[in-house]
Amino acid sequence: MATGGESSDGAIRRRRVDAAQATSVLPDSGHHGGAAAEEEEREAAWVSQKGTYWLTRIVLLRAVAFVYFVAFAVAYHQNNQLIGERGLMPCRAYLQSVKGYVGGKIGWAALAYTPSVLWFMDWSDMDSNLDGIALVGLALSGFVLLSGAANMVIMGTLWVLYHSLVSVGQLWYSFGWESQLLETGFLAVFLCPLWTLSRVPRHCPPSLICIWTFRWLIVRIMLGAGLIKIRGDTCWRDLTCMDYHYETQPVPNPMSYYMHHSPWWFHRVEVLSNHVIELLLPFCTFLGRRMCLLNGAGQILFQVMLIISGNLSFLNWLTIVPSLACFDDASLGFLFGSKGGVKKAVLEIQAEGLAGRTPKPTRGMLVRRVVNISLGLLIGYLSVPVVMNLLSSRQVMNTSFDPLRIVNTYGAFGSITKQRTEVIFQGTLSPDPQDPVAVWEEYQFVCKPGDLHRRPCLVSPYHYRLDWLMWFAAFQTYEQSEWVIHIAGRLMANDTAVLSLLDHNPFQGRENPKWVRGEHYRYKFSAPGSASAAQGKWWLRKRIGAYFPAVNLEGLRGYFQSRSWPHPHIPTRSA
């Protein structure tokens with residue numbers, strides 16, 4: 001750095017001269033010594049440069065693209081079964097109901113209620129529409145992920161496409177991270193130049209306003225999560241929540257088993273650390289560069305620990321994204337090779353800035369400044385109800401206050417379930433479900449607990465939507481989760497769409513089950529070193545009772561008709 005009254009440019013020139021003099025007295029230094037000194041001088045100049053965000057933008061765009069890629073992959077593999085033509089909640093029926101609700105026309109009212117490009121597509125083949133949206137999303141996000149380059153057109157298209165799915169996804173897209181991805185994706189649009197795909201577009205420097213919108217997002221996410229915990233379950237105040245969380249979270253992973261059996265004092269430290277990270281650390285964002293870096297590093301480390309200890313979909317990966325905005329180019333330079341063109345281009349731009357040779361603003365740059373200021377004003381205006389919600393004793397979490405979900409309120413695990421319950425689907429070939437000798441065989445989901453000997457899955461950042469909803473259904477009734485009965489009917493028809501969402505069908509290649517029932521069990525982890533663990537059991541369970549009684553297809557006919565569900569079709573077996 002420059003000392004006394006010496007300018008930064010003078011300091012750089014002096015270092016260059018000193019480096020040349022030093023190499024001239026070394027024997028046989030020649031070209032290689034000069035190159036090494038030049039490289040060292042460049043690195044010194046790089047370290048001295050703080051407060052620019054060219055590399056930060058590349059890292060942010062790649063991180064957003066990664067989450068988009070995962071989200072569109074989930075959509076491509078599961079949308080048809082969940083909201084397709086013969087899905088559990090067809091989106092065409094949903095769009096028709098919205099159309100009727102807003103007056104029978106596809107206009108601004110319909111778009112405001114359900115923003116989706118599906119309004120303008122051919123509804124005769126909704127499965128192809130859903131696949132097309134997902135595939136375009138995969139292609140665009142994959143390009144940004146691999147190249148690190150994007151423009152407003154690409155990022156805007158990704159946002160519109162994912163918004164189109166969330167808007168018609170109904171229950172299956174009701175998770176808080178869907179709105180969080182839409183808000184993060186919206187902010188990412190304004191990180192980019194309008195047209196060019198240059199990773200370092202000289203006439204479109206990263207907007208400090210946009211960087212701060214990302215920082216404001218991570219502050220709201222963490223404060224929302226921390227405050228909902230303090231105001232919610234008493235176990236967050238008496239530091240006992242982690243005694244239960246690992247066992248009762250939606251989809252545990254193998255590490256959850258071992259974390260659950262940690263000492264009691266470790267769980268107390270975990271809860272205290274959670275409060276510090278969520279309630280105190282976010283304020284470091286506003287206390288200067290070093291404290292902002294501390295918050296960014298702390299939040300990323302926290303999210304990595306959550307990824308290791310559970311399958312929370314892509315939520316934690318997504319929450320890492322705005323945390324990256326806490327880092328500037330100087331702190332992220334190690335991610336880029338010293339011989340790479342990107343780092344060299346950024347060094348040249350920084351050197352020009354130090355020398356006072358910044359390019360004269362073009363008309364496009366002036367327009368961009370107006371856009372950036374408008375973005376800041378928009379986010380500030382839409383943040384008012386969010387801040388009021390954070391300050392309210394009646395705080396709600398995972399809520400949108402505008403139809404486009406641009407600024408939302410967040411939170412997670414405001415209450416912790418103390419016991420884990422599971423709904424287990426069972427089918428039988430017996431014509432009489434009351435027959436005491438009837439053999440009931442169990443269906444297995446991909447990730448949710450079922451078979452006591454099956455190791456918990458490791459699936460994050462991927463997301464099995466049905467498995468998550470089964471977790472919610474387990475502490476409700478089937479009357480509150482009628483789609484559970486819809487699944488039962490599909491299982492009796494050996495419906496391939498629904499069965500593709502499961503891991504094991506006990507009637508594969510056999511006669512269709514005559515009856516299906518739902519049994520309710522209480523699950524708990526086996527103890528390490530116990531006899532059950534020695535037998536290979538990860539779980540222990542105890543029957544609570546019937547979740548829903550044994551049903552058959554004929555008995556469900558009226559139930560399905562009253563809800564406008566297509567009655568399951570049983571395919572004829574070939575001779």
Indicate yes or no: at least one non-hydrogen side-chain atom of [X] is less than 4.5 angstrom from one of [Y].
{"X": "Val168", "Y": "Thr114", "value": "yes"}
{"X": "Asp243", "Y": "His260", "value": "no"}
{"X": "Asn311", "Y": "Pro252", "value": "no"}
{"X": "Leu55", "Y": "Leu335", "value": "no"}
{"X": "Leu377", "Y": "Tyr381", "value": "no"}
{"X": "Val67", "Y": "Trp177", "value": "no"}

Val407 versus Ser383, closest heavy-atom pair with distance: CG1-OG, 3.8 Å

Flag if over 12 foreign heavy atoms under 6.0 Å of CE, Met305: no

Heavy atoms of other groups near Phe286 CZ, more than 12 under 6.0 Å: yes

All disulfide (SG to SG under 2.5 Å) counterparts of Cys192, not counting sequence neighbours: none

Mutual orientation of the aromatic rings belonging to Tyr246 and His267 [parallel < 30°, tilted 30-60°, perpendicular > 60°]: tilted

Does [X] reach the main-chain N or O of [Y] with its side chain, forming a donor-acceptor pair under 3.5 Å?
{"X": "Thr399", "Y": "Met397", "value": "yes"}
{"X": "Thr213", "Y": "Cys210", "value": "yes"}
{"X": "Asn316", "Y": "Gln303", "value": "no"}
{"X": "Lys229", "Y": "Ala412", "value": "yes"}

Interatomic spacing from CG in Leu332 to CG in Leu324 - rounded to 0.5 Å: 7.5 Å

Pairwise distance CG(Leu165) to CZ(Phe72) - rounded to 0.5 angstrom: 6.0 Å

Are [X] and [Y] close enough that a side-chain donor and a side-chain acceptor fall under 3.5 Å?
{"X": "Gln249", "Y": "Tyr244", "value": "no"}
{"X": "Ser331", "Y": "Asp328", "value": "yes"}
{"X": "Ser460", "Y": "Trp317", "value": "yes"}
{"X": "Arg215", "Y": "Thr285", "value": "no"}
{"X": "Glu247", "Y": "Ser256", "value": "no"}
{"X": "Gln350", "Y": "Thr52", "value": "yes"}
{"X": "Asn408", "Y": "Glu183", "value": "yes"}
{"X": "Gln299", "Y": "Asn295", "value": "yes"}

Ring centroid separation Tyr462 to Tyr464 under 6.0 Å: yes

Between His463 and Phe175, ring centroids under 6.0 Å: yes

Residue list, side-chain contact (heavy atoms from CB on, under 4.5 Å) with Pro403, at least two apart or on another chain: none

Cys284 and Cys292: CA distance, side-chain angles, deciding distance, disulfide bond (SG atoms under 2.5 Å apart) verdict: CA-CA 5 Å; Cys284 293; Cys292 188; over 6 Å; no

Note: Arg57-Asp329 ion pair, threshold 4.0 Å (strictly below): no

For Met155, the option from Leu191, Val144, Val160, Leu187 that meets side-chain contact (heavy atoms from CB on, under 4.5 Å): Val144

Cation-pi check, Arg465 onto Trp468 ring (under 6.0 Å, within 45° of axis): no

By salt bridge (charged side-chain N to carboxylate O under 4.0 Å, His left out) - contacts of Asp467 (at least two apart): none

